[in-house]
Amino acid sequence: MQFIYKVPGYILLLFGGFCLSWGGFIVRSFETTDAWEILLLRSFFFFLGVSVFLLSMYKKDAFKTIKKAGLAGLTGGFVMSFSFIAFVFAMMNTSVANVVFIISTQTMFLAIFGYFYLKEKISIIGLLSIILAMMGISVMIGDSISGGTLFGNLVALTIPVSFSILVMIIRKNANLDLVPAIWYASISSTLISFLMTNDLSFTNNDILMGFLLGVPQLTFGFVCITIGSRTTKSVTIGLLMLTETIFAPLWVWLFLNEIPSISVFIGGFVIILALILKSFDKKMIKV
């Protein structure tokens with residue numbers, strides 16, 4: 001399993017984004033409509049998936065690696081658990097396209113947090129792209145007030161913020177292996193959802209969907225992203241993970257015929273423009 005550390009960061013991030021893109025479709029495939037039940041199954045299988053990865057990767061040194069991650073790993077995991085909770089609730093209360101377009105603004109949050117936390121400069125182009133992305137979010141959230149999806153959109157904003165904080169912790173502690181951070185996140189979200197769930201009887205379909213959410217979608221996705229983020233610049237990480245933004249609405253459109261409202265397309269188009277603009281950022285002019 002050590003070979004994964006030899007794979008270029010950009011490839012890991014692209015694959016990680018592709019894995020995560022299946023989240024909305026799988027959430028829509030559950031029979032239960034209780035978000036806490038979905039979260040419990042997802043978190044439990046995620047915990048198993050990450051535990052198996054740690055044990056197979058580090059063998060007898062697994063617990064030593066977890067301990068070495070220290071406060072940075074524990075803090076990063078706790079922050080990310082909020083992202084996992086927010087993902088399920090957002091998917092249950094707004095369209096998949098809304099959620100993934102909002103998630104894609106992580107590029108902008110990474111740039112902002114990188115500026116304040118890592119002292120990474122923001123260029124004029126970077127600043128303009130951030131403003132443009134915020135305008136796109138405003139279009140989607142503004143329309144959701146009358147569309148009844150305001151809660152889902154606001155909760156979705158928790159996801160890019162939490163992810164960006166995790167990346168800052170990873171970048172600030174590049175000498176540490178912070179894969180244990182997502183192990184801590186799986187434990188935290190499992191415990192929270194267990195305490196909030198009223199019914200622990202699950203159908204076979206929901207158990208299967210929980211496995212698909214927890215292992216192929218989440219474990220593979222976040223292991224690749226966590227390792228790939230160690231050697232990739234903050235702004236580049238969000239751009240590479242656009243695979244999630246591109247494919248997630250496609251899956252629910254192809255298999256579930258979920259078509260977003262026109263405001264989602266407009267807001268999403270503005271966000272994509274912002275990300276394209278950011279890709280031309282050569283950081284020649286600093287602010």
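Residue numbers start at 1 and run along the sequence shown.
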For residues [X] and [Y], report the shortest heavy-atom separation together with the two atoms involved.
X: V96; Y: E258; result: N-OE2, 2.9 Å
X: A62; Y: L54; result: CB-O, 3.8 Å
X: P160; Y: T105; result: CG-OG1, 3.8 Å
X: G214; Y: T219; result: O-OG1, 2.6 Å
X: L166; Y: A181; result: CD1-CB, 4.2 Å
X: S104; Y: T245; result: CB-OG1, 3.1 Å

Decide if atom [atom1] of [X] counts as having more than 12 heavy atoms of other residues, nucleotides or ligands within a radius under 6.0 Å.
X: F255; atom1: CZ; result: yes
X: M134; atom1: CE; result: yes
X: D199; atom1: CG; result: yes

Report the distance from atom [atom1] of [X] to atom [atom2] of [Y], rounding to the nearest 0.5 Å.
X: I169; Y: L176; atom1: CD1; atom2: CG; answer: 11.5 Å
X: M209; Y: T32; atom1: CE; atom2: OG1; answer: 13.5 Å
X: I137; Y: L132; atom1: CD1; atom2: CG; answer: 11.0 Å
X: M168; Y: L118; atom1: CE; atom2: CG; answer: 5.0 Å
X: I159; Y: S164; atom1: CD1; atom2: OG; answer: 11.5 Å
X: F269; Y: I266; atom1: CZ; atom2: CD1; answer: 10.0 Å

Please assess I225 against L12 for the test side chain to side chain contact (heavy atoms under 4.5 Å, CB included), listing each intermediate value before the final yes or no.
CA-CA 6 Å; I225 289 167; L12 291 175; over 6 Å; no
Can you find a pair of side-chain heavy atoms, one from [X] and one from [Y], that are under 4.5 Å apart?
X: F101; Y: V264; value: yes
X: L200; Y: L40; value: yes
X: T94; Y: I102; value: no
X: L128; Y: L277; value: yes
X: F163; Y: F222; value: yes
X: L178; Y: N173; value: yes
X: L48; Y: V215; value: no
X: M92; Y: I38; value: yes

Would the distance check show the side chain of [X] and the main-chain N or O of [Y] forming a donor-acceptor pair, the cut-off being under 3.5 Å?
X: N205; Y: S29; answer: yes
X: S193; Y: T190; answer: yes
X: D206; Y: E31; answer: yes
X: S188; Y: F78; answer: no

Please tabulate, one pair per line, all N/O donor-acceptor pairs under 3.5 Å involving side-chain atoms of residues 14-26, not counting sequence neighbours.
{"from": "S21", "atom 1": "OG", "to": "F18", "atom 2": "O", "distance (Å)": "2.6"}
{"from": "S21", "atom 1": "OG", "to": "W251", "atom 2": "NE1", "distance (Å)": "3.0"}

Quick one: do V139 and V270 satisfy side chain to side chain contact (heavy atoms under 4.5 Å, CB included)? Show the steps, please.
CA-CA 9 Å; V139 170; V270 173; 5.5 Å; no
Examine the side chains of S83 and S162 and answer whether a donor and an acceptor come within less than 3.5 Å of each other.
no
State plainly whether one hydrophobic cluster holds both [X] and [Y], where clusters connect Ile, Leu, Val, Met, Phe, Trp and Tyr through side-chain heavy atoms under 4.5 angstrom apart.
X: M80; Y: F44; value: yes
X: F116; Y: V161; value: yes
X: M91; Y: I246; value: no
X: I207; Y: L213; value: yes
X: V50; Y: L191; value: yes

For the pair Y184 and I66, evaluate side chain to side chain contact (heavy atoms under 4.5 Å, CB included) and give the outcome as yes or no after the intermediate values.
CA-CA 9 Å; Y184 283 125; I66 293 172; 3.3 Å; yes
Which of these, S81, S189, S186, sits in a side chain to side chain contact (heavy atoms under 4.5 Å, CB included) with S43?
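Per the side chain to side chain contact (heavy atoms under 4.5 Å, CB included) rule, the option paired with S43 is S189, out of S81, S189, S186.
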With F46 as reference, evaluate F84, W183, F220, F87 under the ring-ring contact (aromatic ring centres under 6.0 Å, His included) test and give the passing residue.
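Considering F84, W183, F220, F87, a ring-ring contact (aromatic ring centres under 6.0 Å, His included) with F46 is found only for F84.
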What do the steps show when you test I4 against M57 for side chain to side chain contact (heavy atoms under 4.5 Å, CB included), and what is the final call?
CA-CA 10 Å; I4 194 171; M57 176 67 73; 3.5 Å; yes
With a 6.0 Å cut-off on the ring centroids, do W36 and F89 count as close?
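Yes; F89 has its ring centre under 6.0 Å from that of W36.
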With a cut-off of under 6.0 Å to the ring centre and 45° to the axis, is K64 in cation-pi contact with Y58?
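Ring-cation test returns no.
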